[in-house]
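Have a look at the structure below before the remarks.
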Protein chains: 2
Amino acid sequence: MSKIQVAIAEDQAMVLGALAALLETEPDIAVCARATNGRAALTALGTHKTDVLVTDIEMPEMTGLTLAAEVRDRWPDVQVIILTTFARPGYLRRALDAGAKGYLLKDRPSAELADAVRRVHRGQRVIDPELASEAWNSEPDPLTERERQILWRAGEGRSSADIAAELHLSEGTVRNYLSEAINKLGAANRVEAARLARSKGWL
Amino acid sequence: MSKIQVAIAEDQAMVLGALAALLETEPDIAVCARATNGRAALTALGTHKTDVLVTDIEMPEMTGLTLAAEVRDRWPDVQVIILTTFARPGYLRRALDAGAKGYLLKDRPSAELADAVRRVHRGQRVIDPELASEAWNSEPDPLTERERQILWRAGEGRSSADIAAELHLSEGTVRNYLSEAINKLGAANRVEAARLARSKGWL
DNA sequence: GCGCCCGGATGACAGATGTCACCCCGGACC
DNA sequence: GGTCCGGGGTGACATCTGTCATCCGGGCGC
């Protein structure tokens, strides 16, 4: 029985090498390709027979999400696992839309990676359990487009007057939107509101 | 000849496990402890005889920089290597001040890690070359310890009164420190000041 | 002892921020 | 036509922030 051929895409070279070492310790898995960005991963897939692709999301050149969609179109029998820091429901949904079969968080125990590779190779789906449930019954983004625009800028440290000028609004209106957002998010002020929204992936 | 005993502290469990696997592939290195935050690393050092500690900077509970300083005081013969994503001169300087012997970036090739461990164990220093030159001619951290403490909390969205209570200071004093910091950094308000300081690695 | 600096505190003041009640106007819906 | 939103605006008010000048007490150098 031959080993499962795995390709890895991850922009931090040290982490890439370490993940490869981790998978190589498994007797039934072999790392056949490594890439530090999405585009390089595509070329690699062209030259190495690959069963499973493990990829980060945030990479230069081409993100893991675009990469996953591309792989689904060009090598439909390569299974894709997204491995990322971000527990954002929005990312998960986009990953699944792009045809990914697995979505794993970097703060899960390292043993789960090899496991996920095997299961995905057998045709199963592997979604981080917490995230899966959270994605389903998670409150949807309560912010309106305006509130998002304004909260974002406020989080950068810009003043109400400044933001008002940029968006061609009156200063009072900007303060009203911020007040709304702070209230919706249950925060104590604009800074906390911005932090909260960012952490939920709404900004 | 016995193996070099290495402890690793890194908050993303998957990366922690992967780094351990990476080091375990080296015949002369053994991973004797793993921790997902600074405080856990300290306890681990108390129970395992350790030669080298490899630690991330940004971790919950206790950052790698505080950890390094603590280790220098309590186990002076444990050599510390900082392994981080951030090429911030301020971080490097603080790491060296905290007694770290190595400063390595996560986007360096993974082969450099084992190498760095060996060299640091032999008593050498290992500093990322690009960063080393950059660090020398960059402005030093203008903030005092108090200013750092306060600015950090302000950046989290806490109010002056809140911060004053936590640090047992008067609210006016907190505002004074913030004013000083804002002024030193040339920012327009506390939020911008915090962002600036963070980007320079001073927070 | 005498300065002198440093961390911390006060008080006062201008300006920014957060909240609320209420107004205006242009669609959409009946 | 009327009515009911929803985006945007106004004004007023209470706090919170940022700034400055000034003060106090404890080390430290001499």
Side-chain angles (χ1 to χ4, degrees), chain A residues 139-200 202-203, chain B residues 63 65-66 69-70 73 90 93-94 97-98 139-203:
Chain A
E139 345 121 77
D141 185 345
L143 302 175
T144 69
E145 189 50 35
R146 269 299 194 217
E147 286 162 0
R148 216 190 322 284
Q149 286 177 9
I150 291 177
L151 189 54
W152 159 274
R153 286 164 175 79
E156 301 286 297
R158 320 263 301 275
S159 73
S160 305
D162 200 358
I163 299 174
E166 186 188 344
L167 300 182
H168 310 295
L169 293 175
S170 96
E171 188 182 333
T173 304
V174 169
R175 297 221 303 276
N176 283 339
Y177 278 116
L178 279 172
S179 184
E180 252 307 287
I182 289 168
N183 177 34
K184 281 182 181 174
L185 299 174
N189 55 51
R190 51 178 73 194
V191 186
E192 197 186 337
R195 274 207 322 128
L196 273 171
R198 243 191 294 270
S199 77
K200 303 258 191 181
W202 295 334
L203 264 197
Chain B
T63 81
L65 295 173
T66 336
E70 197 81 11
D73 295 344
R93 178 172 311 233
R94 281 163 65 200
D97 286 349
E139 357 136 59
D141 184 346
L143 301 176
T144 69
E145 189 49 34
R146 268 300 193 215
E147 286 161 0
R148 216 190 322 285
Q149 285 178 8
I150 291 177
L151 189 53
W152 180 34
R153 287 165 174 79
E156 301 287 297
R158 320 263 302 275
S159 73
S160 306
D162 201 357
I163 298 173
E166 186 187 343
L167 299 184
H168 310 295
L169 293 175
S170 96
E171 187 182 333
T173 305
V174 169
R175 298 221 301 278
N176 283 339
Y177 279 117
L178 280 171
S179 182
E180 253 306 289
I182 290 167
N183 177 34
K184 281 180 180 174
L185 298 174
N189 55 50
R190 52 178 72 194
V191 186
E192 196 186 337
R195 274 208 323 128
L196 272 170
R198 243 192 295 270
S199 76
K200 302 258 190 180
W202 296 333
L203 265 198

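Within every chain, numbering begins at 1; the chains are lettered A, B, ... in the order of the sequence lines, protein sequences first and strands thereafter. These numbers come from the heavy atoms of this one structure, side chains and all, not from hydrogens, waters or symmetry mates.
Not a single donor-acceptor contact under 3.5 angstrom links the side-chain atoms of A/N189 to the base of D/dT17.
What separates CD of A/E145 from P of D/dG7 is a distance of 12 Å, to the nearest Å. In this structure, A/R190 places its CZ atom 13 Å from C1' of D/dT15, rounding to the nearest Å. The separation between B/L178 atom CG and C/dG8 atom C1' is 15 Å, rounded to whole Å. B/I182 places its CD1 atom 13 Å from the C1' atom of D/dC16, with the value rounded to the nearest Å.
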- Test side-chain hydrogen bond (donor to acceptor under 3.5 Å, both in side chains) applied to A/S160 and A/R190, step by step: CA-CA 10 Å; A/S160 305; A/R190 51 178 73 194; 2.8 Å; yes
- Item | Test side chain to side chain contact (heavy atoms under 4.5 Å, CB included) applied to B/R146 and B/L169, step by step | CA-CA 11 Å; B/R146 268 300 193 215; B/L169 293 175; 3.9 Å; yes
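Taking side-chain N and O atoms only, A/S179 has a distance below 4.0 Å to OP1 or OP2 of C/dT19. Residue A/S160 places at least one side-chain N or O closer than 4.0 Å to OP1 or OP2 of C/dT17. At the phosphate of C/dG7, neither OP1 nor OP2 sits under 4.0 Å from any side-chain N or O atom of B/R146.
Sequence order on DNA chain C of the closest nucleotides to B/S170 and A/N183 puts B/S170 first from the 5' end. Between B/E171 and B/T144, the residue anchored closer to the 5' end of DNA chain C is B/T144, taking for each the nucleotide with the nearest heavy atom.
The side chain of B/R175 lies closest to D/dT19 when the candidates are C/dT17, D/dT19, D/dT10. When each of C/dG7, D/dG18, C/dG18 is scored by its nearest atom to the side-chain atoms of B/Y177, the top-ranked nucleotide is C/dG7.
Counting non-hydrogen atoms under 4.0 angstrom, B/T173 reaches a base of the nucleic acid.
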